[in-house]
Amino acid sequence: LLNDLMTTAESDEISHLQEVTQKSESAEMNGNSNGNHSLWHKILFLGIGLTLYTGQGINDFMLTPLFPLVGPKKGVNKTEIGLVMGIFDVSNLIFSFLLPPLVGPDTKKVFFCCGGLISGLAMIIMGLSNYITHPTAFFFFSMAARIIMGMGAAMVWSAGLALLVPFAAKNEGKLTSLIQSSVLVGVLVGPVVGGSLYNLWGYMCPFMVAGVGELVVSILSLLLIPSITDSLDNGIEKEVVSWKQYVRFLSNPGLIVLSLPILVNSAGGSLLALGLPNYLTKTIGIDEGWVSYIYLCAGVGAMFSPIAGFFTDRGYAGYCIVVVGVFAPIAYFMFVLPAVFSNFESIIYVVVNFCFLCSIFISAMVPFFSIFQVMASQNGARNISFARVIAAAWITVCLAVGRVAGSIVLGGVMLEIFSFYKCLAFQAILVCVSSIMCIAYMFWKRLHRKMIITADGFSYSEIK
């Protein structure tokens, strides 16, 4: 009898454990629906995701100070160096444009993690090119690595927001600003870390360290971050993710008007990146060794980005864009003032104005992301996750187009013909015109008013 009772008890205990295990596994599998995770789990997931974004920023811009130094030693000319540097933006542009219809609720985690893996492998390939001695082979090997790197970056930037935002859906603007700040930290730290490792252990070391680091973080993301569906997507069918919705979004005539400030300001960033070092050394007279540290001032912009996220979460994305549209032209015109007052040259003035400009540009990405979600939802993107993918991918496309155009036109042709001040004045006029057009369109379409995601999960509505 005792043996029978013990056997029964053990059997009941085993059945109970199996039931608990099945419920646990079911809950984990259904994490797509409810996203019931503890606060510390969410912090862990977001921390890993933000770390991958930082690593992506480091990898994408680490090459900036290194390749112009190593290229000539390998027999690569200036034109080929420019192609290697610029092909990343072209690749990023193409893949960001094509990816949105492929990144659905079930595939966003795969694209995010695989993008990090691809970028990490591309960095390792870039480091291995150090063993190539033939100039032509070195050039094409480097081009291939940068193309792959651009594809990986497009996957991370397009899918990351859709994957991470559901963990803090009520604070979407703040989380978007954190992602923006994480990328900026990588962009600023990348050249400094890359240059330091290059000075210590040569060309191969920084790429191997960065590549392996991103591979590790990507694997952790794949293993630990669950793919949950936004609460607003409950009951929304997954078949709604399609090329038709994406084409409708792209065919909206107001899309280009709203995108103009991002395009123009991104081009201005390329102008400053190419023209500011020469201006600082020859006009201001600071030592070349201090030029790279001036760009660290852009990190001040990361401090203001959460402010934009705060107001965006409360429905004031349109008002934030209006504010940016007013102050962005002012910041550029302030750069031109020293040309009017010949004795006005000052490194302090340049640094303060540069911080002001970076703060405006970085903060603008958060409300623009929200407005593009509105447009995606208004054009049939009933799935909120898909609307986020479209918005993130489109901003990436705009930034890439601006960087390419700015490097070729403003920082290339015009900077060769005209002075840095004249190029800045032309850029200020472009920013002013694009801001006026954007603000006028927003008032015309009533996008400036307070807006928020509705509970039905597929549109945005005005709060009266």
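Source: prediction; values computed, not measured.
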Quick one: pull up [atom1] in [X] and [atom2] in [Y] and give me the separation to the nearest 0.5 Å.
{"X": "Asn265", "Y": "Cys398", "atom1": "CG", "atom2": "SG", "value": "11.5 Å"}
{"X": "Ile179", "Y": "Lys174", "atom1": "CD1", "atom2": "NZ", "value": "15.0 Å"}
{"X": "Asn77", "Y": "Leu83", "atom1": "CG", "atom2": "CG", "value": "8.5 Å"}
{"X": "Leu250", "Y": "Ile256", "atom1": "CG", "atom2": "CD1", "value": "8.5 Å"}
{"X": "Phe207", "Y": "Asn130", "atom1": "CZ", "atom2": "CG", "value": "9.5 Å"}
{"X": "Thr396", "Y": "Phe95", "atom1": "OG1", "atom2": "CZ", "value": "14.0 Å"}

Where do [X] and [Y] come nearest, in terms of heavy atoms and distance?
{"X": "Ile225", "Y": "Ile48", "answer": "CD1-CG2, 4.1 Å"}
{"X": "Pro226", "Y": "Leu163", "answer": "O-CD1, 3.9 Å"}
{"X": "Leu258", "Y": "Cys438", "answer": "CD2-SG, 3.8 Å"}
{"X": "Val257", "Y": "Pro253", "answer": "CG2-O, 4.2 Å"}
{"X": "Ser177", "Y": "Pro306", "answer": "OG-CA, 3.4 Å"}
{"X": "Ile81", "Y": "Pro72", "answer": "CD1-CD, 3.7 Å"}

Any side-chain heavy atom of [X] within less than 4.5 Å of one from [Y]?
{"X": "Ser359", "Y": "Phe327", "value": "no"}
{"X": "Trp201", "Y": "Leu197", "value": "yes"}
{"X": "Lys74", "Y": "Pro135", "value": "no"}
{"X": "Val389", "Y": "Lys108", "value": "no"}
{"X": "Tyr198", "Y": "Cys205", "value": "no"}
{"X": "Ile147", "Y": "Val90", "value": "no"}
{"X": "Arg388", "Y": "Phe369", "value": "yes"}
{"X": "Phe310", "Y": "Cys320", "value": "no"}

Residue pair Leu424, Leu271: steps toward the side chain to side chain contact (heavy atoms under 4.5 Å, CB included) verdict: CA-CA 8 Å; Leu424 280 175; Leu271 171 63; 4.0 Å; yes
Could you tell me whether a side-chain N or O of [X] sits under 3.5 Å from a main-chain N or O of [Y], the two making a donor and an acceptor?
{"X": "Thr51", "Y": "Gly47", "value": "yes"}
{"X": "Thr54", "Y": "Leu50", "value": "yes"}
{"X": "Arg146", "Y": "Phe88", "value": "no"}
{"X": "Ser266", "Y": "Leu263", "value": "no"}
{"X": "Ser251", "Y": "Arg248", "value": "yes"}
{"X": "Ser129", "Y": "Met126", "value": "yes"}

Run the side-chain hydrogen bond (donor to acceptor under 3.5 Å, both in side chains) test against Ser218 and tell me which residues pass, sequence neighbours left out. none
Crowding at [atom1], [X] (>12 non-hydrogen neighbours, <6.0 Å):
{"X": "Phe311", "atom1": "CZ", "value": "no"}
{"X": "Met437", "atom1": "CE", "value": "no"}
{"X": "Phe97", "atom1": "CZ", "value": "no"}

Report the C-alpha separation of Ile219 and Leu117 in whole Å, then their side-chain angles, then the decisive distance to 0.1 Å, and conclude whether the side chain to side chain contact (heavy atoms under 4.5 Å, CB included) test is met. CA-CA 8 Å; Ile219 293 173; Leu117 291 172; 3.9 Å; yes
According to the interplanar angle, ranging from 0 to 90°, do the rings of Tyr246 and Phe249 count as parallel (below 30°), tilted (30 to 60°) or perpendicular (above 60°)? parallel
In terms of relative ring orientation, are Tyr203 and Phe138 parallel, tilted or perpendicular, with 30° and 60° separating the classes? tilted
Per-pair distances, 0.1 Å, donor-acceptor, side chain in residues 401-412, under 3.5 Å, sequence neighbours excluded:
| unit_1 | atom_1 | unit_2 | atom_2 | d |
| --- | --- | --- | --- | --- |
| Arg403 | NE | Asp89 | OD1 | 2.8 |
| Arg403 | NH2 | Asp89 | OD1 | 2.9 |
| Ser407 | OG | Arg403 | O | 2.8 |

Would Tyr53 and Phe112 count as a close aromatic pair, with their ring centres under 6.0 Å? yes
Does the side chain to side chain contact (heavy atoms under 4.5 Å, CB included) test come out yes or no for Ile390 and Phe372, once each step is laid out? CA-CA 8 Å; Ile390 291 177; Phe372 288 144; over 6 Å; no
Strictly by modelled atom types, are Trp394 and Ser259 linked by a side-chain donor-acceptor pair under 3.5 Å? yes
